[in-house]
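One structure is given here, and the rest of the page talks about it.
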Amino acid sequence: MASRASETDRDIEIELLLNFSRNEDSNVPHNVRDVLNGQYENAISEELPALVDAGTGDSLEQIVRIELSRTPAPLSWLCAGVAALLHFVQCNWTGPPTDKDVDWLRAKRDEALKHLSLHDECNINIRKPELLYLAQKIFSNTDLQLKYPSCVWWLFRATFLHQRVLEEDSGVLFEELENLVTKIHRLHIVANDPLCRLLFTLEVVTFYQYYTRIQNSEEYLESAQTAVGIKLHLEGAMGKRTKYQQEEKAQLYLKIEVESNDTFPSIACKDLPKALKLNDEVRLEDIEFSERKEVVELGMMEEAVILARYFQLLRSRPKDHLTDEEIKPYLTKVIDSTRNWTLKMNSLCYRCFLESTHKKTVERSMLQLEFLLKDHNDAKAPVARRMDLFFASGMKPVWILEEKWAELMVSLGLLHQALEVFTKLKVWEQVIYCYSELNLKHKAAEIIEQEISKKPTVNLWCLLGDTTGNVSHYETAWRLSGERSSRVQRHWGHYYFNKKDYAEAIPHLKLSVELNNIQTTVWFRLGYAALQVEDWKLAATAYRRYCDLEETEYQCFEAWNNLAKAYIKLGDKPRAWKCLQDAIKCNYNRWEVWDNLMIVSIDLGHFSEVIRCYHRILDLKNTHSDVPVLKILTNAIINNINDSDGNPASRLLKNTLELFGRITSNVVNNADLWRMYAELLLLRQTDVDNEKAAQCLQQAHRFMTSNSDWWRDKDTARNVLELCCSLAQTYLCCTTDSSSVKKRRMLGSAKLSLQGVVKRIQAQEWDNEDVTTQLTRVEQYLATIISELEQIKHI
């Protein structure tokens, strides 16, 4: 009997998690039936009558703990916790809204807000926070978790919603959620029920995507895609986009391969949110392909995977038109096929956000959001069906949709209408912006002051400080938060940062990330400020933390580059080199990053990497002259120095000559480049290379002596004389076994070059020992060349 009861409890837990019964004939308890039918208030009030009469002086946490220890029927508590959480979702996400409160629970609203705020305040638009607070206290009860292990999963859901209603991302909640993920993996229902395992995997994907943990979310998303047995490929096919298009062009579409005909169970909702048509005079509603595409029937779990893949691509790729084109087919598939209320609502929201930046579609985007808000308030769709896959969808709270709707009004110039919405939502940052655009910035400060007089909050005092530039307002906000708000310190630090007072900004930014360590923007600004005041250690710490948090490569290259600079200043060039390698992965097209990598590579002896970097710089900017780097590389090859891996640098001679050939094809007026090119060519010791080296040295001589005053400077004069010695040696070597005609031509050229130099130096009457010594050598070479030419005359 105990085993059968345990099996029944496990079935009930699964049904509550899935939000439907897989066996319609099962005789579930009435309180479970209330939850599955969306009658949440019944499950809260009628099932927990003891709480109605509980002492009002006790905290909700104490009441739950005491009453749970007394109750003989913990299933009522499980159902009440689930009902409280889903009723909270209904009030803040899915709708339809209800103004009716649970009377005995309404008295705990202030207590709930105090505990949920975590020193940085919940969103001011949150409705019925006591429901979330009650659910958290029920699911975190250890005795109830022993009886119903799924409470840990429900606690994960409640904690994630807690994060979603906060104004700030919380590092504390992130760690709690990760710990809960580990615990849920060990639950029997996750390990042994494929549907539960898939659902949990999708919820973890949503959790990691919210925090922009791209790698973690990708791992779970791959697992979910494998579980549903679908393969997704973007392919091209001929089609038309506009009504008057004559010639078909290649268009992207999503090809879906289903590995099995069996799909996970789905529940269709009859009254779905309406997708508005584009109604454009030119553009078609959908791409018209020349060939009919096979329509693959999918269930809601498969559609949830596709929508998660869309969001994954959206968060991990640069925000540009090309990315929009590549990811839109995923979204279109879900919008066209889904019968799930949450997926339909969420996919249409994503389409609004995607289309909001394009002038051809921004109007539909605004109207669509308006319709979605009406669907949220409309009671046609059953409450229970709105909860299907809610926790795996990443759906945004209703106030976020309203805020986005108002932002679209702003983009279309409807400032007064947008201002009304922002004021209703109390999004004071946007209210300030609207008043600024209307040349009524003073009005914004007045409204904030009025709101502070009604109910002062940390956020309002911060915004008043931003608006007026009065630092004392940040001090007031700091005291109001009990000196625990990371938000206050962030605003305070940004105030000084924007004034370029980096020394003053650093303590505030540093304290802000100590209070909340997952603020990517603050870490980035802290690193930059530390660079400006030359606090290299702090800069390295800040940028390293930023790069750990921000996994989207297209946003990280500057941080990696600056982190490398900090390591260089700290004398840790090996770590700087690795950072720069990461920087070029993030942005392959910034020549400055390649230049930095090249410089560090030459210092560390990564000679092959130096050549690769130089080629890439030339790809990006066509011409580039870095003589110091090339000198080190040339000397390493000439002296056969071992590189960082212990390999002789001489093995890179061919690659280096190819590089010099490319450099000198665009930079012809740099004598140092031609001289180094000649030195490398001479290493091959072939007649062809010797002749080419002589030509290079002749080019170097021409450019070094092109300045009419070259012979007046001691260093330049010495360098020219040294070059003349090399030039003479090379010409004499080239003419050893040459014909008389060729020998006369080459030595004649050398004679002219040396005579001009000797004449100039002798006229200056140098008394510098280095110059006179080199002059003597050149005169000796000149005499030898003249002697060789005299011999040729007598042949």
Among side-chain atoms of [X] and [Y], is any donor-acceptor pair under 3.5 angstrom?
| X | Y | answer |
| --- | --- | --- |
| Gln209 | Gln312 | yes |
| Asn470 | Ser472 | yes |
| His358 | Asp324 | yes |
| Thr342 | Arg386 | no |
| Ser170 | Gln163 | no |
| Asp388 | Asn19 | yes |

- Task: List in chain and number order the residues that pass salt bridge (Lys or Arg N to Asp or Glu O under 4.0 Å) with Lys277, two or more places apart in sequence or in another chain; answer none if no residue qualifies.
- Result: none
Which atom pair, heavy atoms only, marks the closest approach of [X] to [Y]?
| X | Y | value |
| --- | --- | --- |
| Trp478 | Ser485 | CZ3-O, 3.3 Å |
| Leu343 | Met300 | CD1-O, 3.5 Å |
| Ile306 | Ile230 | CG1-CD1, 4.1 Å |
| Ala505 | Phe497 | CB-N, 3.7 Å |
| Val383 | Pro96 | CG2-CD, 3.8 Å |
| Cys269 | Ala381 | SG-CB, 4.2 Å |

- Query: Is the number of heavy atoms from other residues, nucleotides or ligands within 6.0 Å of CG (Asn377) greater than 12?
  - Reply: yes
- So with a 6.0 Å cut-off around NZ of Lys255, is the heavy-atom count from everything else above 12? no
Do [X] and [Y] come within less than 4.5 Å of each other through their side chains, counting heavy atoms only?
| X | Y | value |
| --- | --- | --- |
| Met366 | Met409 | yes |
| Thr323 | Leu313 | no |
| Trp461 | Leu464 | yes |
| Glu504 | Tyr495 | no |
| Asp375 | Asp271 | no |
| Glu402 | Leu373 | yes |
| Arg213 | Leu549 | yes |
| Trp405 | Val421 | yes |

Would [X] count as a cation-pi partner of [Y], with NZ or CZ less than 6.0 Å from the six-membered ring centre and within 45° of the ring normal?
| X | Y | result |
| --- | --- | --- |
| Arg385 | Trp341 | no |
| Arg545 | Tyr543 | no |
| Arg127 | Phe88 | no |

- Task: Just do the side-chain contact (heavy atoms from CB on, under 4.5 Å) check on Leu116 and Val165 with the steps written out, would you?
- Result: CA-CA 9 Å; Leu116 293 173; Val165 300; 5.6 Å; no
Mind checking whether [X] and [Y] have parallel, tilted or perpendicular rings, split at 30° and 60°?
| X | Y | answer |
| --- | --- | --- |
| Trp93 | Trp399 | tilted |
| Phe207 | Phe160 | perpendicular |
| Tyr496 | His508 | parallel |

- Evaluation steps, side-chain contact (heavy atoms from CB on, under 4.5 Å), between Trp492 and Val471: CA-CA 7 Å; Trp492 207 338; Val471 177; 3.2 Å; yes
With distance as the sole test, does [X] use its side chain to make a donor-acceptor pair with the main-chain N or O of [Y] at under 3.5 Å?
| X | Y | answer |
| --- | --- | --- |
| Glu355 | Glu363 | no |
| Gln368 | Leu276 | yes |
| Ser436 | Ile432 | yes |
| Ser356 | Ser365 | no |
| Arg241 | Gln251 | no |
| Tyr208 | Glu203 | no |

- Identify the residue among Glu302, Glu326, Glu303, Glu218 that makes a salt bridge (charged side-chain N to carboxylate O under 4.0 Å, His left out) with Arg309. Glu218
Rounded to the nearest 0.5 Å, how far apart are [atom1] of [X] and [atom2] of [Y]?
| X | Y | atom1 | atom2 | value |
| --- | --- | --- | --- | --- |
| Leu440 | Leu415 | CG | CG | 10.5 Å |
| Arg283 | Thr242 | CZ | OG1 | 9.5 Å |
| Phe353 | Ile400 | CZ | CD1 | 8.5 Å |
| Thr98 | Gln90 | OG1 | CD | 6.5 Å |
| Ile124 | Leu425 | CD1 | CG | 10.5 Å |
| Asn123 | Glu167 | CG | CD | 4.5 Å |

- Per side chain to side chain contact (heavy atoms under 4.5 Å, CB included), Thr457 is matched among Lys426, Glu121, Glu451 by Glu121
- Hey, mind stepping through His494 and Leu509 against side-chain contact (heavy atoms from CB on, under 4.5 Å) and telling me if it holds? CA-CA 8 Å; His494 285 178; Leu509 297 176; 3.7 Å; yes
- For the pair Glu168 and Arg487, find out whether any cationic side-chain nitrogen is under 4.0 Å from an anionic carboxylate oxygen. yes
- NZ/NE/NH1/NH2 to OD/OE distance under 4.0 Å, Glu281 and Lys243: no
Scan the side chains in residues 515-531 for donor-acceptor partners under 3.5 Å anywhere in the protein, sequence neighbours excluded, and list what turns up.
unit_1	atom_1	unit_2	atom_2	d
Asn516	OD1	Gly171	N	3.2
Asn516	ND2	Asp169	O	2.4
Gln519	OE1	Arg490	NH1	2.9
Gln519	NE2	Ser512	O	3.0
Gln519	NE2	Ser512	OG	2.9
Gln519	NE2	Asn516	O	3.1
Trp523	NE1	Asn517	O	3.0
Arg525	NH1	Asn498	OD1	3.4

- Start with the C-alpha gap between Arg339 and Ser266, add the side-chain angles, then the distance that decides, and say whether side-chain hydrogen bond (donor to acceptor under 3.5 Å, both in side chains) holds. CA-CA 9 Å; Arg339 300 298 300 169; Ser266 297; over 6 Å; no
- Any chance you could lay out the side-chain contact (heavy atoms from CB on, under 4.5 Å) test for Leu401 and Cys349, step after step, and finish with the verdict? CA-CA 8 Å; Leu401 302 188; Cys349 283; 3.5 Å; yes
- Query: Taking only residues at least two apart or on different chains, which pairs with a member in residues 420-456 satisfy ring-ring contact (aromatic ring centres under 6.0 Å, His included)?
  - Reply: none
